Amino acid sequence: MGTVHARSLDPLPMQGPELGVQADDMDLGEPEHEPQQEVLENKDVVVQHVHIDGLGRTKEDILTYEIADVFQAKNLIDVMKKSHDARQRLLRLGIFRQVEVVIDTSEGEDALPNGLDVTFEVKELRRLTGSYNTMVGNNEGSMVLGLKLPNIFGRAEKLTFQFSYGTKETSYGLSFFKPQAGHFERNFSVNIYKVTGQFPWSSLRETDRGISTEFSFPIWKTNHTVKWEGVWRELSCLARTASFAVREESGHSLKSSLSHAMVIDTRNSAILPKKGALLKVNQELAGYTGGDASFLKEDFEIQVNRRLFWDSVLSASLWGGMLLPIGDKPTSIADRFYLGGPTSVRGFSMYSIGPQSEGDYLGGEAYWAGGIHLYTPLPFRPGRGGFGDLFRTHFFLNAGNLCNLNYGEGPRAHLSRLAECIRWSYGAGIVLRLGNIARLELNYCIPMGVQSGDRICDGVQFGAGIRFL
Amino acid sequence: MSLAAEAFVSQIAGKVPFIHVGNQVVSELGPIVQFTKAKGHSLSDGLDDVQRAEMKAYMELVNNMLLTAELYIQWCDDTTASEITRQRYSSPYSWPLNHILAYQKQWEVRRKMNAIGWAGKGLEQVYEDVSQCCQALSQRLGTQPFFFNKQPTELDALVFGHLFTILTTRLTTDELSERIKSCSNLLSFCRRIEQTYFEEDKDKGRL
């Protein structure tokens with residue numbers, strides 16, 4: 001019998017003689033074709049050996065988990081399906097450049113008449129790779145130089161070094177990642193970093209030098225991350241005209257915190273999803289492991305998307321958070337929440353809602369923000385099937401509030417505080433999707449419910465980022 | 001001034017002393033003097049040009065000598081630095097930030113000393129320089145109440161500030177304050193100013 005190459009099985013054929021077999025690979029004569037087909041389809045097979053060829057520094061023990069399933073296959077179609085799955089799993093480890101599958105009959109002394117050998121031919125990634133990217137964050141752009149050492153010790157560990165020079169920030173970081181053998185979704189990483197940021201809305205410059213370790217693991221459908229972080233924060237004023245309230249916050253402080261995040265994401269895409277929902281809950285406790293910042297911080301993010309008539313999508317999202325200081329010390333400006341801007345409540349200037357002092361926004365200890373969006377394809381659908389598909393028109397209604405709570409009062413008082421003086425806005429605009437990472441928006445916004453002290457940006461507003469309300 | 005507050009205010013304005021007027025924060029003696037002059041008040045109005053030049057010269061002497069000697073003794077002398085200065089400087093912060101910041105400041109001051117050529121000087125030499133500076137000031141003061149006759153000027157404020165700090169700060173030895181006390185007119189000058197202008201702060205470390 002000839003060799004069957006199962007290279008890439010899209011789409012997976014499920015019946016008949018078109019078993020992904022290339023017609024020119026079969027060197028059987030026509031009359032023998034019919035009975036051989038039956039043999040291929042219905043015959044029970046046993047996978048006797050599974051080999052992986054082309055390993056250099058990778059240790060075999062982590063790979064055995066990924067390919068173990070192939071042994072379970074009972075007939076040829078099953079073998080092909082399971083080997084395709086195993087190939088995907090090997091690729092997601094991030095240590096191979098290329099994986100090919102070869103299925104052949106067994107040979108040798110212990111070969112059964114219906115035995116098969118499956119071989120994965122792999123090409124490992126090089127030991128050291130460099131990269132140069134440009135990145136778009138929330139309203140800023142940066143140039144990123146990276147060095148990556150994939151699979152340094154042979155078990156899918158990864159060491160990365162990144163240097164990023166941006167319009168607002170300069171940073172560098174070193175990160176080590178190690179997954180658990182056999183369960184790639186359970187992994188831990190250690191990061192050391194230095195990040196500088198400039199925040200003109202608060203006339204503040206912040207330099208963080210820190211170290212963090214995090215563990216990620218899935219539980220049923222959710223993904224959890226537990227992290228410890230120790231950061232040396234240095235705050236200073238950005239201008240001579242910074243208000244005294246901001247000057248008082250400047251100086252050095254040390255934050256040592258434990259945090260836990262849970263994410264359930266069933267959306268089909270992170271940018272402009274068409275269906276599915278997202279729930280993210282994050283809590284952070286600082287102060288019990290050292291340092292001088294002491295607080296409990298909670299925040300959540302919910303997003304629900306639903307497809308409507310004519311290819312349009314209705315999306316609703318809700319964000320909220322609360323910062324509770326523990327002990328007598330007041331909270332630091334670097335820990336508080338901020339609201340406003342083209343990525344949250346549109347129609348207002350960047351982070352320019354809420355408590356402020358002489359034009360510098362100080363952030364607040366509690367906030368909520370919600371948005372309802374209707375995304376439709378561009379009118380008259382220009383460029384359909386190609387470039388035009390990256391654009392969407394969108395109509396939105398955003399609302400939110402940011403304030404400081406008086407923790408002596410009860411929850412009812414807190415809710416009423418958050419419900420008074422709501423800022424909201426509505427408008428329409430165009431959204432451009434950039435790959436699967438970011439989106440650009442150009443909106444016409446009408447802000448309402450503006451309180452004294454807020455800075456608005458009514459009319460046309462441009463926004464770029466990864467996370468939008 | 002308590003140390004935590006000193007750390008705090010030096011972070012706000014960059015340098016002590018500073019004043020906070022309305023929306024503005026002005027730090028360091030030179031800019032403060034200019035600021036008050038712009039508002040119409042000046043201590044050295046009664047001086048003629050020669051005296052003003054002399055005052056500036058003495059102020060430079062104090063800045064170059066006394067200030068540098070203070071920094072040297074606090075940070076470059078190993079015993080003082082480890083027993084007193086680093087502890088004081090790092091007291092507002094938690095571990096490990098306190099060590100990092102104290103060593104960073106020490107490294108910065110030592111680098112500055114290298115740059116101005118004081119790194120080679122021994123402690124005795126520095127004490128000698130301080131004595132000489134005090135002699136010069138003592139001679140200028142003579143028996144007058146203030147450096148320029150009856151009215152206090154910026155020079156008096158500057159000299160008082162430095163001498164008072166030296167006399168009231170605890171160091172490993174009392175050598176420095178002894179050297180200053182040996183010029184008796186400087187000592188009585190400091191006492192006089194303290195009593196005239198600061199008598200409410202009775203518990204703030206008497207001379």
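Note that this is a predicted model, so its numbers are computed, not measured. First the proteins, then the strands, lettered A, B, ... as listed; each starts at 1.
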Residue part contacting chain B, namely of Ser253(A), when any heavy atom lies under 4.5 Å: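 Contact with chain B: backbone only.
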Looking at every non-hydrogen atom in both residues, tell me the closest pair between Trp95(B) and Leu254(A) and how far apart they are.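 Taking Trp95(B) first and Leu254(A) second, the nearest heavy atoms are O-CD2, 3.1 Å.
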Evaluate whether atom [atom1] of [X] has more than 12 neighbouring non-hydrogen atoms of other residues, nucleotides or ligands under 6.0 angstrom away.
X         : atom1 : result
Gln162(A) : CD    : no
Tyr103(B) : OH    : no
Lys37(B)  : NZ    : no
Asp49(B)  : CG    : no

Euclidean distance, His252(A) NE2 relative to Leu97(B) CG, rounded to 0.5 Å: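 Leu97(B) atom CG to His252(A) atom NE2 measures 7.0 Å (nearest 0.5 Å).
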